[in-house]
Amino acid sequence: MPELPEVEVVRSGLHLAITGATITRVQVFDDRSVKRHESSRGPFLDLLTGVTVLSAERRGKFLWFPLSTGDALVAHLGMSGQLLLRTPGGGPDTHVRVRLAVEHPQHGELVVAFADQRVFGGMAVDTLVPSPDGYPTGDGTQAIPSRVAHIARDPLDPHFDAGEFARALARRNSGIKRALLDQTLVSGIGNIYADEALWAARMHYNQPTYCLSSRRIELVLAEVRRTFCAALDQGGTSFDRQYVNGASGYFSRHRAVYGRQGEPCGRCGESIERAKFMNRSSHYCPQCQRIRPVRVP
DNA sequence: CAGGCTTCCTGCGCGC
DNA sequence: TGCGCGCAGGAAGCCT
């Protein structure tokens with residue numbers, strides 16, 4: 001399940017490989033993987049064929065590729081999506097839904113295969129609109145795909161507004177994990193990293209946000225950043241592995257709570273619990289992560 | 001406005 | 001051995 005670190009590894013690899021490449025052929029093997037494409041603008045294939053890729057950008061878990069036409073190719077990996085970089089004829093990949101053949105002036109012919117077992121992800125061609133906060137996006141322009149414009153910046157983004165995040169938490173009557181997973185407040189965090197960061201911050205997943213001090217909010221953001229950076233450091237030096245296996249190897253070794261229900265907490269030895277929350281599961285230590293009472297003003 | 005619930009989807013692991 | 005069920009999860013849209 002790709003979250004920010006996994007998506008960033010994919011972005012940086014593709015940025016190096018296909019910036020400046022021209023799309024020569026597009027094949028859609030499964031229409032379900034072309035999601036939320038504005039068909040009134042024209043067929044997906046026609047909007048891409050013969051077009052040059054200008055860069056690879058990311059906001060939260062969304063990827064996009066600004067194009068020479070002024071549009072952008074948007075991709076979301078969903079639960080099981082991968083963007084596999086291949087040479088022509090290479091790799092007997094399974095679950096390939098969309099295939100882009102590109103020609104790069106230096107790297108020659110390459111293939112970008114969108115593989116997605118569970119079909120939660122998808123691709124679309126989208127128009128670029130001005131970034132709502134007016135600050136530059138990854139490519140130095142203020143342009144962002146219209147379908148991505150509502151997504152907040154991630155906590156590693158230099159223009160992430162921590163003050164606005166704290167004000168939003170103070171306004172709403174909500175649990176901290178719900179807020180961390182709300183991509184319009186802060187982006188890039190999924191179920192695994194949320195559980196890990198909350199454990200590190202000793203915070204209960206259902207801690208009401210309005211009674212968190214700005215110091216406590218800063219603390220949980222710092223733990224999110226630390227978790228992201230640790231995964232990014234592990235992530236992706238291997239050019240091959242990052243595309244063959246889109247899943248992060250990081251948490252197969254470094255998980256503190258996710259998937260470890262019944263095992264002892266690494267801090268206090270209490271048994272890790274798993275609870276249903278928001279139609280998914282939350283893993284936490286009932287000893288270290290307790291709901292703190294509402295502060296009396 | 002916020003939050004709860006549903007839909008999309010497939011492979012795997014469990015119990016019988 | 002095989003079947004059927006539940007589970008896993010990100011995002012969006014509907015409903016309350």
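Order of the sequence lines fixes the chain letters, A, B, ..., with proteins taken first and strands second; residue numbering starts at 1 for each chain. Source: prediction; values computed, not measured.
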Could you tell me the separation between the [atom1] atom of [X] and the [atom2] atom of [N], rounded to a whole number of Å?
X	N	atom1	atom2	value
A/R167	B/dC1	CZ	P	18 Å
A/F277	C/dG9	CZ	P	13 Å
A/Y258	C/dC7	OH	C1'	10 Å
A/R274	C/dG6	CZ	C1'	11 Å
A/M278	C/dC7	CE	P	17 Å
A/R280	B/dC5	CZ	P	13 Å
A/L181	C/dG10	CG	P	7 Å
A/D31	B/dC8	CG	P	17 Å

Can you tell me how far [atom2] of [Y] sits from [atom1] of [X], rounded to the nearest 0.5 angstrom?
X	Y	atom1	atom2	result
A/R274	A/Y258	CZ	OH	8.0 Å
A/Q207	A/L169	CD	CG	11.0 Å
A/S214	A/F165	OG	CZ	12.5 Å
A/I151	A/I144	CD1	CD1	8.5 Å

Answer with yes or no whether the side chains of [Y] and [X] bring together a donor and an acceptor at under 3.5 Å.
X	Y	answer
A/S131	A/T137	no
A/E273	A/S271	no
A/D71	A/T127	no
A/K61	A/S187	no
A/D116	A/S80	yes

Name the pairs: protein N/O against N/O of nucleotides 9-11 of chain B, kept only if under 3.5 Å.
unit_1	atom_1	unit_2	atom_2	d
B/dC9	O4'	A/R118	O	3.3
B/dC9	O3'	A/R32	NH1	3.2
B/dT10	OP1	A/R32	NH1	3.0
B/dT10	OP1	A/R32	NH2	3.1

side-chain contact (heavy atoms from CB on, under 4.5 Å) with [X]: which residues, sequence neighbours excluded?
X	value
A/D182	A/R172, A/T184, A/L185
A/L45	A/V26, A/V28
A/D46	A/P43

With a cut-off of less than 4.0 Å, is there a side-chain N or O of [X] near OP1 or OP2 of [N]?
X	N	value
A/H76	C/dA11	yes
A/K35	C/dG10	no
A/H150	C/dA12	yes

Bracket string, DNA chain C, 5' to 3' - pairs by Watson-Crick or G-U geometry under 3.5 Å, | interstrand: .|||||||||||||||
Could you check which of C/dG10, B/dA2, B/dG4 has an atom nearest any side-chain atom of A/R178?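 Per side-chain heavy atoms of A/R178, the pick is B/dG4.
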Among B/dA2, C/dA8, C/dG10, the one nearest A/R172 by side-chain distance: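 Closest nucleotide to the A/R172 side chain: B/dA2.
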Using heavy-atom distances to pick each residue's nearest nucleotide on DNA chain C, tell me which of A/R147 and A/M79 is more 5'.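 This one resolves to A/M79.
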Sub-3.5 Å pairs of nitrogen or oxygen atoms, protein against nucleotides 14-16 of chain C:
none

Under 4.0 angstrom, heavy atoms only, what part of the nucleic acid is A/S281 near: base, sugar-phosphate, or nothing?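 The answer is sugar-phosphate, as A/S281 gets under 4.0 Å only of primed atoms, P, OP1 or OP2.
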Once you apply a heavy-atom cut-off of 4.0 Å, does A/F62 come out as touching a base, just sugar-phosphate, or nothing?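 Sugar-phosphate: the residue A/F62, judged by heavy atoms under 4.0 Å, touches backbone atoms but no base.
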